[in-house]
Amino acid sequence: MNLLLADADKENLRNFRTYMKGAHPHIRIVGTFDDPSKDILAAIRDTKPDLILSDIRFFGGMHFIRFKEVHDNFPDVRFIVYGTYNEAEYMKRGREFGVLDFMYRPVKPSDLNRCLELATKHFKREAESQRRTQLMAKDYQERIFQYEEIFLRSLLEGHMSKPREINDGFNYFDLPFGKTPETQTGYAVFIIRIDHYRRMALAMTEMEKHMRIFEMLGVVKAILADYQARTFIYGFNEIPIILNGSYSTEEKVLIADRIKHALVTETDTRVTIGIGRTYDSPMDISVSAREADATFGYRFRMGYNAVIPIEFVEPANRITYRYPSPRERRLVYAAVVGDFAYCKGILNELFNALGQAGNLAEGLVARTVMTIVLRISRYLSEQNQPFAAEAMRFFPTGEILKLVTIDDGYTFLEKSLEAFCAFIVEYNATQSLKLHMATKNYVQENFFETFSVTRIAAKLGTTPENLNKVFLEREKVMLFDYVMWVRVNQAQKTLRETATDEEIIAVQVGFDDVKYFRSIFRKYIGETPAEYRMRERAKQPPAEQ
């Protein structure tokens, strides 16, 4: 540890230097600074100390500004300062600017030793933290390919919702496409899948499965060296490719056909390759991936060991793979909990997706709306909700069948869901009231049991978090406080009407420790049980006493 001494009193500097040399030889004094008018930043640059031992008055009345100045320019440098008792608050405030500890003048060896020991521990922790950070950074760099694959998986699966997030990922991982708008010339996804993999895997060891797909990846990468593309292992039998470029369907088929023949020749593996459409936006990479995956459903007709673009099997379908079906499921969940604001946001997503598809087939809007309504109905039935049948009155089938345009469908669902969610909110409020009353009844009957929100919640069929939330909303106090009030009220009654000892009363109302009982009683009533009993007895006529 390198130490810089700063004090206008040169004798103090000599004494510190002499003492340090004998008592702390492992601490290296790199310099002394005895002129406050000089630039301490220059001295720190020259001597490179870890720690500065300084008189608080050395920096004058503006010492906080000087501390901050040093801290801003050398954030790793720390201070130990000393001063008078009157300067204690100033020294304490210096902690936010790198002051580790402080001492009072005249400085005692024991205080100095304590502060230096604290500084030594601090720098050891810092060194260990830096070592761990460096090791972690090295390990991260060695594994960065794994994070790149996580990024690419997220792209394919549609988990990234913001263009900037995607472009930042392109740049960070130095991917060969998408770095600037000028280089974004389209994106298409290929999926390579081993034919009859399940049957093949029965005759392979785990290592053979791994080596097969790893060997295939090497072949695919060699071919893709001629293109702007990224590929990686997605599963034991699957390799996706993200291809950048404005290729026609015929050109994409030629690329895939080249890959297919290379895999047969070099790894003796027959594959089917599905190809999604090319889209201009990186946001649509997941759409192309869903299209590529869908092509495998047509292998029974198009043949195994084939290249199948989505344009060949579903040339007119511009809706299915863009339509956010998972969001439709989320809409159902939001509706059955009565969250209309969330429902409306999802409705916008769903109908915007339909709007991007161009001319819709006749009856598609009505069928889309009906699907959403049936999902809600089914979900309520699966929950065995008593109002499941009644809830469907908000979605009249006759009106649904008349829907034609996208605007018609959106308006109908917006209006129906708003009414349905209001109904659910009212129903939930009723259930909340029932839970509140059930909780109060349970506590009144079982207040003497050991308090546990988890146990009470389990008894009443809810979660501790929901129980506390409901109770706080309706009772304006936490459940714990309510239980304590019930116990204290019962204790008050017993204290007034009987001569039972406080220790026994404590156990009767649910306290194992009489001291804790007394502290709770005093907290809620403002006096001890004995004081309360004495005061209440004084109110009674002599005969009753």
Side-chain angles (χ1 to χ4, degrees), residues 158-159 161 277 279 281 283-284 286-287 290-291 293-294 297 310 313-435 466:
H159 297 321
S161 59
R277 291 184 178 88
Y279 292 96
S281 171
M283 295 284 292
D284 291 328
S286 60
V287 178
R290 287 193 287 270
E291 292 175 338
D293 183 69
I310 192 72
V313 292
E314 297 185 21
N317 189 348
R318 295 281 176 173
I319 300 173
T320 304
Y321 307 108
R322 183 177 294 281
Y323 185 75
S325 297
R327 301 297 289 162
E328 188 178 88
R329 291 193 293 273
R330 181 58 59 186
L331 172 66
V332 173
Y333 301 144
V336 297
V337 298
D339 190 346
F340 176 67
Y342 194 28
C343 285
K344 190 169 181 179
I346 299 176
L347 272 184
N348 290 331
E349 293 181 45
L350 298 179
F351 281 85
N352 283 340
L354 288 176
Q356 293 177 27
N359 295 327
L360 301 180
E362 184 179 350
L364 181 59
V365 171
R367 285 192 289 273
T368 300
V369 173
M370 184 64 78
T371 299
I372 293 172
V373 171
L374 289 175
R375 280 176 179 267
I376 294 173
S377 176
R378 175 180 172 178
Y379 192 80
L380 292 175
S381 298
E382 289 172 347
Q383 290 189 42
N384 198 25
Q385 293 286 6
F387 60 84
E390 180 189 359
M392 289 303 99
R393 65 184 168 86
F394 297 101
F395 308 98
T397 303
E399 290 187 27
I400 295 175
L401 296 176
K402 295 176 184 177
L403 300 175
V404 176
T405 67
I406 291 177
D407 288 342
D408 291 341
Y410 179 89
T411 302
F412 172 83
L413 275 177
E414 181 185 31
K415 179 182 175 183
S416 300
L417 284 170
E418 185 174 17
F420 175 76
C421 287
F423 168 78
I424 292 295
V425 168
E426 185 179 349
Y427 175 80
N428 288 340
T430 302
Q431 296 302 108
S432 171
L433 178 60
K434 289 181 179 178
L435 177 60
N466 184 52

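The model shown is predicted, which means the values in this text are computed figures rather than measured ones.
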Considering residues, nucleotides and ligands other than [X], do more than 12 of their heavy atoms fall under 6.0 Å from its [atom1]?
| X | atom1 | result |
| --- | --- | --- |
| Q356 | CD | yes |
| R378 | CZ | no |
| R330 | CZ | no |

Practice task
Would you tell me whether Y279 and E291 have side-chain atoms, one donor and one acceptor, within less than 3.5 Å of each other?
Solution key: yes

Exercise for the section: Measure the CD1-CD distance between I346 and E328 for me, rounded to the nearest 0.5 Å. Expected result: 10.0 Å

Considering all heavy atoms of both residues, which atom of [X] and which atom of [Y] are nearest to each other, and what is their separation?
| X | Y | result |
| --- | --- | --- |
| A353 | P324 | CB-CD, 3.6 Å |
| N428 | V337 | ND2-O, 3.6 Å |
| V365 | L360 | CG2-CD1, 3.8 Å |
| F420 | A335 | CE2-O, 3.3 Å |
| R277 | E314 | NH2-O, 2.7 Å |
| A388 | L380 | CB-CB, 3.9 Å |

Fill in the blank from the handout: Test side chain to side chain contact (heavy atoms under 4.5 Å, CB included), reference F395, set L374, I372, V373, output is V373

Handout entry: Residue from N348, T405, N352 passing side-chain hydrogen bond (donor to acceptor under 3.5 Å, both in side chains) with Y410
Key =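 The passing option is N348.
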
Exercise for the section: Report the C-alpha separation of V336 and Q385 in whole Å, then their side-chain angles, then the decisive distance to 0.1 Å, and conclude whether the side-chain contact (heavy atoms from CB on, under 4.5 Å) test is met. Expected result: CA-CA 10 Å; V336 297; Q385 293 286 6; over 6 Å; no

Exercise for the section: Report the C-alpha distance between N317 and I310 in whole Å, list the side-chain angles of each, state the deciding distance to 0.1 Å, and finish with yes or no for side-chain contact (heavy atoms from CB on, under 4.5 Å). Expected result: CA-CA 9 Å; N317 189 348; I310 192 72; over 6 Å; no

Problem - Whether R367 side chain and E362 backbone form a donor-acceptor pair below 3.5 Å - result: yes

Problem - Side-chain donor/acceptor of D407 to backbone N/O of G409, under 3.5 Å - result: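 It does not hold such a pair.
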
Problem - Check against side-chain contact (heavy atoms from CB on, under 4.5 Å), M392 and I376 - result: CA-CA 9 Å; M392 289 303 99; I376 294 173; 4.2 Å; yes

Practice task
Show your working on side-chain contact (heavy atoms from CB on, under 4.5 Å) between L350 and T368 and close with a plain yes or no.
Solution key: CA-CA 10 Å; L350 298 179; T368 300; over 6 Å; no

